[in-house]
Amino acid sequence: MDADLSDSKKPAINFIREIIDKDLVTNKYNQKVHTRFPPEPNGYLHIGHAKSICLNFGIAIDYNGQCNLRFDDTNPSKEEIEYVNSIQEDVHWLGFDWEDRLFYASDYFERLYNCAVQLIKDGKAFVCDLTADQLREYRGTLTEAGKNSPYRNRSIEENLTRFEKMKNGDFPDGTHTLRAKIDMASPNLNMRDPVIYRILKVPHHRTGDTWYIYPMYDFAHGISDAYEGITHSICTLEFEDHRPLYDWFLNELNFKHHPQQIEFARLNLTYTVMSKRKLLQLVEEKIVDGWDDPRMPTISGLRRRGYSPESIRNFCDRIGVAKRENVIDVALLEHSIREDLNKKAQRVMGVLRPMKVVIINYPEHQTEELEAVNNPEDPSMGSRKVIFSRELYIEKDDFKEDPPKKYFRLSPGNEVRLRYGYIIKYVDAIKDASGEIIEVHCTYDPETKSGSAQSQRKVKGTIHWVSANNNISSEVRLYDRLFNTEIPEGKGKDFRENLNPKSLEILSDCKLEMFLKDTKPGETFQFERQGYFCLDKHSSNKNLVFNRTVALRDSWTKIENQK
RNA sequence: UGCCCCGUGGUGUAAUUGGCAACACGUCUGACUCUGGAUCAGAAAAGUUUAGGUUCGAGCCCUAACGGGGCAGCCA
């Protein structure tokens with residue numbers, strides 16, 4: 001188990017840990033704590049899975065136990081090898097390690113089959129010839145009991161031979177099922193003689209074409225847990241009604257080890273969707289650029305966006321674990337990544353929407369090197385030199401000919417400091433034919449050089465800049481929330497109607513400090529006054545591409561928006 | 001209309017297991033600042049869905065109601 005998860009400082013008690021604590025006191029599982037993370041490989045992992053991963057692996061770490069990674073691959077018609085690979089990558093990236101305990105439900109197909117045979121021999125399961133439609137009719141409704149299948153009382157021998165034939169592929173898909181013999185009148189529909197095996201003549205990504213029948217989740221899951229010695233089988237709320245069935249299989253098959261299923265509420269996030277079905281839809285309809293589009297709430301999307309594993313783990317710690325439905329404000333996720341990057345990200349100046357500034361009293365061919373701090377939060381990160389010159393770029397937004405109240409940046413009559421440099425004063429604005437400002441002329445005060453003895457003069461604002469002939473051009477992608485309503489998945493309506501058309505803005509000619517040309521993937525930067533950025537995976541030497549992870553908190557636009 | 005689960009500030013999660021509700025995010029002030037960032041100080045915000053009951057005392061226990069969610073795949 002990865003021991004370097006130093007951010008997991010506080011135990012963060014929750015109802016699941018209380019259950020475990022109690023089990024330890026009563027010695028229910030001989031002082032063992034063994035969990036598992038059981039994804040189905042039918043999609044990429046998302047931030048909701050991260051909650052489950054942090055929960056399961058986190059408990060194992062804190063209780064000195066173990067956590068398995070087990071693929072719940074019992075439905076080959078939906079599952080793919082691409083997903084099993086991405087899932088492993090994502091769990092590792094998050095910082096967790098299953099060591100040698102990588103399992104697949106398909107590892108147990110033979111044993112699962114034998115369990116089914118045992119159930120038949122004990123008269124607790126039967127082969128049913130009802131079609132899917134008939135099965136639904138026989139099941140009854142939420143308020144009415146179901147009816148027994150006409151095939152319910154077949155002899156054990158007949159069941160055995162028919163199940164054997166199912167296994168051998170003698171029947172077409174959908175013609176037969178193996179069902180547990182429980183109670184068609186149970187108020188819990190899951191107990192109304194549930195299907196435990198179905199015919200699926202589909203090749204499996206691991207077992208190939210050796211099986212024509214596949215076990216259902218309810219049958220496979222508990223038994224797999226028991227085989228692996230899982231003590232606490234943690235799953236989401238919708239499986240609550242399945243727990244009696246989980247227990248039934250283990251009891252009827254006389255398992256000596258009986259894991260405890262515990263259910264918790266899945267994560268919901270504002271301004272996003274979390275269901276795999278909807279995420280798949282976004283990918284397939286090309287609404288986003290694949291599973292790892294930086295706007296996706298997938299682990300791979302967050303990674304490409306620039307989120308760190310630490311920040312996601314901290315986020316998962318903060319949201320807690322409980323049984324009630326919840327919707328977490330994305331602002332909490334954003335806070336988690338800002339908190340982390342504030343401490344770690346190298347500061348740099350980058351002008352996203354450049355406008356030229358000419359310092360008219362600065363000598364034409366002179367340049368000088370100015371000292372710039374790499375991270376005020378961490379002096380050990382040192383400093384660097386930035387080139388100052390007569391012609392610079394500043395942010396379009398940082399000059400206003402006719403400024404609103406409380407505007408602290410450059411404007412006629414209002415001085416600003418150029419960060420790490422001099423204080424400058426407006427002289428003139430050059431406009432194009434359409435009246436748009438294309439260049440601003442200023443003077444600088446040589447006495448105010450940053451760090452010099454006379455640099456103490458106070459000005460309200462400091463703006464970032466970059467030398468006009470010493471910079472690197474780059475594409476920058478500004479990401480915003482994918483949806484413009486808090487809860488995009490309203491019942492009945494199409495979640496795609498709430499897509500935010502401005503969730504991606506591409507800026508093509510941004511001017512960045514020169515040294516950014518040697519950026520390596522994985523490095524994170526704060527573009528001062530703007531946000532945190534990282535190199536996109538499609539970036540190249542020819543065409544630099546930076547992704548904005550998250551903007552800095554911005555009290556100015558807040559003031560602006562209030563008006 | 002059957003069964004199961006859940007109701008604590010705007011959002012989440014706590015409350016030494018019965019002792020007059022805390023923390024985080026967010027919001028709002030103010031200070032500081034060569035990032036309108038960060039940091040610091042402070043404020044507003046729930047009397048715990050409601051009504052009964054037990055108790056000296058209930059967010060924690062009991063009952064009922066109300067509200068929200070889940071369940072009728074040969075999905076997981």
Side-chain angles (χ1 to χ4, degrees), chain A residues 12-14 18 38-40 42 72 74-75 77-79 128 130-132 135-137 139-146 173-179 186-192 194-200 213-214 216-218 220-221 235-244 263 265 270 276-277 317-336 338-339 342-343 347 349 373 376-377 406-409 416-421 423 448 450-451 455-456 458-464 486 526-531 551-559:
Chain A
I13 190 72
N14 58 51
E18 278 174 10
E40 183 191 10
N42 69 343
D72 226 321
T74 56
N75 185 357
S77 61
K78 290 186 175 178
E79 296 154 5
C128 183
L130 257 23
T131 65
L135 194 60
R136 193 179 316 118
E137 281 175 36
R139 185 157 33 231
T141 69
L142 293 175
T143 53
E144 303 159 50
D173 282 17
T175 55
H176 300 261
T177 55
L178 182 71
R179 296 222 267 158
S186 171
N188 182 346
L189 300 238
N190 296 122
M191 302 298 273
R192 317 240 263 226
V195 172
I196 61 185
Y197 263 93
R198 78 290 216 185
I199 300 169
L200 233 42
I213 57 172
Y214 293 93
M216 298 289 287
Y217 165 87
D218 286 306
H221 201 88
C235 62
T236 44
L237 250 28
E238 69 269 26
F239 293 103
E240 219 150 16
D241 288 341
H242 295 239
R243 192 177 348 119
E263 312 84 13
T270 55
K276 275 198 217 173
R277 205 201 98 242
D317 281 349
R318 265 188 265 249
I319 60 178
V321 180
K323 295 197 71 158
R324 86 183 80 134
E325 302 286 344
N326 62 83
V327 183
I328 307 288
D329 194 336
V330 269
L332 186 58
L333 217 211
E334 295 174 346
H335 171 262
S336 299
R338 285 196 192 102
E339 177 188 51
N342 177 47
K343 290 180 297 193
R347 267 57 168 181
M349 293 196 286
V373 168
E377 305 293 320
K406 291 173 77 181
Y407 183 83
F408 299 154
R409 288 111 95 161
V416 278
R417 174 174 289 284
L418 293 176
R419 173 132 244 229
Y420 306 120
I423 292 175
T448 58
S450 183
S455 70
Q456 303 308 319
K458 293 280 186 273
V459 287
K460 275 286 203 180
T462 298
I463 62 174
H464 60 277
E486 280 202 16
Q526 184 197 95
F527 290 7
E528 294 212 37
R529 305 209 303 132
Q530 306 200 94
L552 250 27
R553 285 185 63 208
D554 182 359
S555 43
W556 168 245
T557 56
K558 211 175 284 173
I559 294 170

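In what follows, every chain begins at residue 1, and chains take the letters A, B, ... in the order their sequences are listed.
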Using a 4.0 Å heavy-atom cut-off to protein, can you give one letter per nucleotide of nucleotides 3-15 of chain B, 5' to 3': B if the base is in contact, S if only the sugar-phosphate is, - if neither? SSSS-B--SSSS-
Do [X] and [Y] have side chains that approach each other closer than 4.5 Å (heavy atoms only, starting at C-beta)?
X: A/N75; Y: A/L200; result: yes
X: A/L333; Y: A/I328; result: no
X: A/N188; Y: A/P244; result: yes
X: A/D72; Y: A/H221; result: yes
X: A/R347; Y: A/E377; result: yes
X: A/E40; Y: A/Y217; result: no
X: A/E240; Y: A/K323; result: yes
X: A/V327; Y: A/T270; result: yes

With side-chain contact (heavy atoms from CB on, under 4.5 Å) as the test, would you mind laying out the steps for A/R179 and A/L135 before giving the verdict? CA-CA 11 Å; A/R179 296 222 267 158; A/L135 194 60; 3.2 Å; yes
On the side chain of A/E144, is there an atom forming a donor-acceptor pair with the base of B/U1 - under 3.5 Å, no angle test? no
Name the pairs: protein N/O against N/O of nucleotides 74-76 of chain B, kept only if under 3.5 Å.
unit_1: B/C74; atom_1: OP1; unit_2: A/R139; atom_2: NH2; d: 3.4
unit_1: B/C74; atom_1: OP2; unit_2: A/R139; atom_2: NH1; d: 3.1
unit_1: B/C74; atom_1: N3; unit_2: A/G174; atom_2: O; d: 3.2
unit_1: B/C74; atom_1: N4; unit_2: A/L130; atom_2: O; d: 2.8
unit_1: B/C74; atom_1: N4; unit_2: A/A132; atom_2: N; d: 3.3
unit_1: B/C74; atom_1: N4; unit_2: A/G174; atom_2: O; d: 2.7
unit_1: B/C75; atom_1: OP2; unit_2: A/R198; atom_2: NE; d: 2.9
unit_1: B/C75; atom_1: OP2; unit_2: A/R198; atom_2: NH2; d: 2.8
unit_1: B/C75; atom_1: O3'; unit_2: A/R198; atom_2: NH2; d: 3.1
unit_1: B/C75; atom_1: O2'; unit_2: A/N75; atom_2: ND2; d: 3.0
unit_1: B/A76; atom_1: OP1; unit_2: A/T74; atom_2: OG1; d: 2.7
unit_1: B/A76; atom_1: OP1; unit_2: A/R198; atom_2: NH1; d: 3.4
unit_1: B/A76; atom_1: OP1; unit_2: A/R198; atom_2: NH2; d: 2.9
unit_1: B/A76; atom_1: OP2; unit_2: A/Y217; atom_2: N; d: 3.0
unit_1: B/A76; atom_1: N6; unit_2: A/H242; atom_2: NE2; d: 3.3

Got a sec, which residues hit side-chain hydrogen bond (donor to acceptor under 3.5 Å, both in side chains) with A/H176, two or more places apart in sequence or on another chain? A/D129
How is [X] classified with respect to the nucleic acid when contacts are heavy atoms under 4.0 Å: base, sugar-phosphate, or nothing?
X: A/Q530; answer: nothing
X: A/R338; answer: nothing
X: A/Y420; answer: base
X: A/Y407; answer: base

Quote, to the nearest angstrom, the [atom1] distance that separates [N] from [M].
N: B/A38; M: B/A24; atom1: P; answer: 16 Å
N: B/U8; M: B/U13; atom1: P; answer: 8 Å
N: B/C60; M: B/C20; atom1: C1'; answer: 13 Å
N: B/A41; M: B/C25; atom1: P; answer: 13 Å
N: B/A64; M: B/G2; atom1: P; answer: 14 Å
N: B/A51; M: B/A58; atom1: C1'; answer: 15 Å
N: B/G59; M: B/U16; atom1: C1'; answer: 15 Å
N: B/G47; M: B/G42; atom1: P; answer: 25 Å

[X] [atom1] - [N] [atom2] separation (whole Å):
X: A/D554; N: B/U35; atom1: CG; atom2: P; value: 15 Å
X: A/K460; N: B/U33; atom1: NZ; atom2: P; value: 11 Å
X: A/R277; N: B/G73; atom1: CZ; atom2: P; value: 16 Å
X: A/H335; N: B/A38; atom1: NE2; atom2: C1'; value: 11 Å
X: A/L552; N: B/G37; atom1: CG; atom2: P; value: 8 Å
X: A/K458; N: B/G36; atom1: NZ; atom2: P; value: 14 Å
X: A/K276; N: B/G73; atom1: NZ; atom2: C1'; value: 16 Å
X: A/R419; N: B/U33; atom1: CZ; atom2: P; value: 14 Å

Which residue, A/R139, A/E144, A/E137, forms the side-chain contact (heavy atoms from CB on, under 4.5 Å) with A/T141? A/E144
Taking it one step at a time, do A/Q526 and A/L552 satisfy side-chain contact (heavy atoms from CB on, under 4.5 Å)? CA-CA 9 Å; A/Q526 184 197 95; A/L552 250 27; 3.8 Å; yes
As a test of the definition: with a 90° window around 0 for syn, would you call [N] syn or anti?
N: B/U39; answer: anti
N: B/G30; answer: anti
N: B/G73; answer: syn

When rounded to the nearest 0.5 angstrom, what is the spacing between CZ in A/R529 and NE2 in A/H464? 5.5 Å
A correct dot-bracket answer for RNA chain B, with pairs being Watson-Crick or G-U at under 3.5 Å, [ ] for crossing pairs and | for inter-strand pairs, is .((((((..((((.....[..)))).(((((.......))))).....(((((..]....))))))))))).....
Closest non-hydrogen contact found for A/W556 with A/K406 is CZ3-O, 3.3 Å
Once salt bridge (charged side-chain N to carboxylate O under 4.0 Å, His left out) is applied, do any residues pair with A/E238, and if so which ones, sequence neighbours excluded? A/R266
Is the backbone of A/G174 close enough, under 3.5 Å, to the side chain of A/R198 for a donor and an acceptor to pair up by distance? no
Please confirm whether the shortest side-chain N or O distance from A/S555 to OP1 or OP2 of B/G37 is below 4.0 Å. yes
Does a side-chain N or O from A/H464 land closer than 4.0 Å to OP1 or OP2 of B/U35, or not? no
Report each atom pair, protein N/O against N/O of nucleotides 27-31 of chain B, whose distance is under 3.5 angstrom.
unit_1: B/U27; atom_1: OP1; unit_2: A/K558; atom_2: NZ; d: 3.0
unit_1: B/C28; atom_1: OP1; unit_2: A/Q562; atom_2: NE2; d: 3.2

Nearest-nucleotide check on RNA chain B, A/E377 vs A/L142; residue mapping nearer the 5' end is A/L142
